[in-house]
Amino acid sequence: MEDINFYESVYALVREIPVGRVTSYGAIAKALGRDGAARMVGYAMANAGNVRPSVPAHRVLNSKGELSAKAAFGHPNRMQELLEKEGVKIKKDRVVDFKTVFWNPLDEL
DNA sequence: AGTCTGACTGGAG
DNA sequence: TCTCCAGCCAGAC
């Protein structure tokens with residue numbers, strides 16, 4: 001994935017996230033060989049809404065498993081609802097059993 | 001080329 | 001478990 005833009009790489013990887021699983025910005029950055037560019041991943045996701053095909057941005061959380069992006073989903077509970085609909089339990093804006101639901105692109109891709 | 005910014009991160013208190 | 005802080009990187013101006 002070096003022949004395309006950084007953003008496109010991010011979107012492509014995010015689209016690989018299995019339903020019912022989540023990952024972190026840092027994990028994605030590292031998987032793309034840009035360890036430390038976690039902030040950039042988040043910045044790229046901010047534009048995910050305009051990208052086609054759609055990107056399951058709600059499956060990308062910060063390293064603590066918190067829904068740090070919920071504010072960008074229109075309604076504050078939208079992101080949580082999407083995740084719970086896929087089987088991911090949320091408690092106080094945080095994924096329950098984050099370590100278990102966590103999807104590591106470096107391990108499983 | 002310089003400066004600012006952000007859906008982040010890991011460590012310290 | 002929570003808050004604060006400095007370090008990070010690519011893109012927009």
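Letters A, B, ... mirror the listed sequences (proteins, then strands); counts begin at 1.
- Counting non-hydrogen atoms under 4.0 angstrom, A/Y7 reaches the backbone sugars and phosphates but no base.
- Nucleotides of DNA chain C lying under 4.0 Å from heavy atoms of chain A occupy a range whose first and last members, 5' to 3', are C/dC2 to C/dG11.
- Remark: the backbone N or O of A/G65 is paired with a side-chain donor or acceptor of A/N62 at under 3.5 angstrom.
- Here A/E108 pairs with A/R21 in a salt bridge; the nearest charged N to carboxylate O distance falls below 4.0 Å.
- Within a 6.0 Å sphere centred on CZ of A/R78, heavy atoms belonging to other residues, nucleotides or ligands number 12 at most.
- Using modelled atom types, no side-chain atom of A/R39 and backbone atom of A/G36 make a donor-acceptor pair closer than 3.5 Å.
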Whenever both distances are under 3.5 Å in a Watson-Crick or G-U wobble pair, mark it; put DNA chain C into dot-bracket that way, with [ ] for crossing pairs and | when the partner is on another strand.
.||||||.|||||
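- For the pair A/R15 (side chain) and A/P53 (backbone), a donor-acceptor distance under 3.5 Å is present.
- A salt bridge is absent between A/K92 and A/E66; no separation between the charged side-chain nitrogens and carboxylate oxygens falls under 4.0 Å.
- Nucleic acid contact for A/A29: none, since no nucleic acid atom lies under 4.0 Å from a heavy atom of the residue.
- Salt bridge status for A/D93 with A/K70: present, with a side-chain N to carboxylate O gap under 4.0 Å.
- Judged purely by distance below 3.5 Å, without hydrogens or angles, the side chains of A/H58 and A/Q80 never pair a donor atom with an acceptor atom.
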What is the per-nucleotide protein-contact pattern of nucleotides 8-13 of chain B, from the 5' end, where B denotes a base atom under 4.0 Å from a protein heavy atom, S denotes such proximity for sugar-phosphate atoms only, and - denotes neither?
BSS---
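- A/Y11 places a side-chain N or O within donor-acceptor distance of the main-chain N or O of A/A44, the cut-off being under 3.5 Å.
- Along DNA chain C, the nucleotide nearest to A/Y43 and the one nearest to A/A37 differ in position, and the one closer to the 5' end is contacted by A/A37.
- When all heavy atoms are compared, the tightest approach of A/L106 to A/N104 is N-OD1, 2.8 Å.
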